[in-house]
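A short worksheet on the structure shown next.
Since we're looking at a predicted model, the values are computed, not measured. Chain naming here is simple, since letters A, B, ... match the order of the sequence lines and numbering starts at 1 in each.
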Amino acid sequence: EAGVVQSPRYKIIEKKQPVAFWCNPISGHNTLYWYLQNLGQGPELLIRYENEEAVDDSQLPKDRFSAERLKGVDSTLKIQPAELGDSAVYLCASSHPSGGVGTDTQYFGPGTRLTVL
Amino acid sequence: GENVEQHPSTLSVQEGDSAVIKCTYSDSASNYFPWYKQELGKGPQLIIDIRSNVGEKKDQRIAVTLNKTAKHFSLHITETQPEDSAVYFCAATDSWGKLQFGAGTQVVVTP
């Protein structure tokens, strides 16, 4: 079974430029997550989708970040314009409902390492 | 909201010895506690998890214990091997079902 696929794996941009990350979840997984991971820290949730609906985007900085999952499968996370502080790893994860709220096993992709110069 | 604290931040062990990582959480409603292993340049990989109706779970050399009264849970790795070297994260779900991660433990297993 293929895992969560993310692209690109690395991205270097100058500040104020736009950038986009793509994620394809595990087949059949209805729930998709985007996380931000700063160096030396654990992942922090940015947004969670249930199919095509964003059910938790409270931690997404909406002035510059946006995300979409139009057909309920793959998803794109965008930053426009990027700032120096956005340098981090952006992780995508997916899960399949197991019956209990918040107990679904999340499977992570390899992440996209963003460097903003 | 949920706050997860993880200790130690770094752990160096001799090959064959045991490693123990401890985490505490604040939300008494938390009911799911996964542990992830992250190798350099890779995403976190689930190694074991435990739900609140279970006090202990074991999978080969890895075990997790949960004390809901004290709100802490621990990861135990026995007979450590060099390939166990990685960063380990504990996590707990908050009241909204959101996973909150600890800050991670860098484990180094020396031959």
More than 12 heavy atoms of other residues, nucleotides or ligands under 6.0 Å from [atom1] of [X]: is that the case?
| X | atom1 | value |
| --- | --- | --- |
| B/Leu40 | CG | no |
| A/Leu39 | CG | no |
| A/Lys11 | NZ | no |
| A/Lys62 | NZ | yes |
| B/Gln60 | CD | no |
| B/Gln45 | CD | no |

Please state whether the side chain, the backbone, both or neither of [X] comes within less than 4.5 Å of a heavy atom of chain B.
| X | answer |
| --- | --- |
| A/Ser58 | side chain |
| A/Gln37 | side chain |
| A/Tyr33 | neither |

In terms of hydrophobic clusters joined by side-chain contacts under 4.5 Å, are [X] and [Y] together?
| X | Y | value |
| --- | --- | --- |
| A/Leu32 | A/Leu36 | yes |
| A/Val89 | A/Trp34 | no |
| A/Val4 | A/Tyr49 | no |
| A/Leu60 | A/Phe21 | yes |
| B/Val4 | B/Ile47 | yes |

- Query: Who in residues 10-17 of chain B is close to chain A, using a strict under-4.5 Å heavy-atom cut-off?
  - Reply: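 Under the 4.5 Å heavy-atom cut-off, nothing qualifies.
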- Message: Out of B/Ser9, B/Ala91, B/Pro44, return the one with the most heavy atom pairs under 4.5 angstrom to chain A.
- Response: B/Pro44
- Heavy atoms, side chains only, cut-off 4.5 Å: are B/Leu99 and A/Gln106 in contact?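 When only atoms from C-beta onward are counted, A/Gln106 and B/Leu99 do touch, with a gap below 4.5 Å.
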- Item | Any A/Asp104 side-chain heavy atom under 4.5 Å of B/Tyr32 side chain |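 No; the side chains remain at least 4.5 Å from each other.
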- Task: Please confirm whether the backbone N or O of B/Gly41 pairs with a side-chain atom of A/Arg9, one donor and one acceptor, at under 3.5 Å?
- Result: yes
- Query: Which bit of B/Tyr36 is near chain A, if near means a heavy-atom gap under 4.5 Å: side chain, backbone, both or neither?
  - Reply: side chain
- Task: Count the heavy-atom pairs under 4.5 Å between each of A/Cys92, A/Pro110, A/Gly109, A/Pro43 and chain B, then report the option with the highest count.
- Result: A/Pro43
- Task: Take A/Phe108 and B/Gln38 through the side-chain contact (heavy atoms from CB on, under 4.5 Å) test and state the conclusion after the steps.
- Result: CA-CA 10 Å; A/Phe108 284 82; B/Gln38 187 172 27; over 6 Å; no
- Query: Can you check side-chain contact (heavy atoms from CB on, under 4.5 Å) on B/Lys98 and A/Gln59, steps first, answer last?
  - Reply: CA-CA 11 Å; B/Lys98 182 188 301 183; A/Gln59 301 303 310; 3.9 Å; yes
- Message: Do A/Glu44 and B/Gln100 pair up side chain to side chain, a donor and an acceptor below 3.5 Å, judged on atom types alone?
- Response: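 B/Gln100 and A/Glu44 do not have a side-chain donor-acceptor pair below 3.5 Å.
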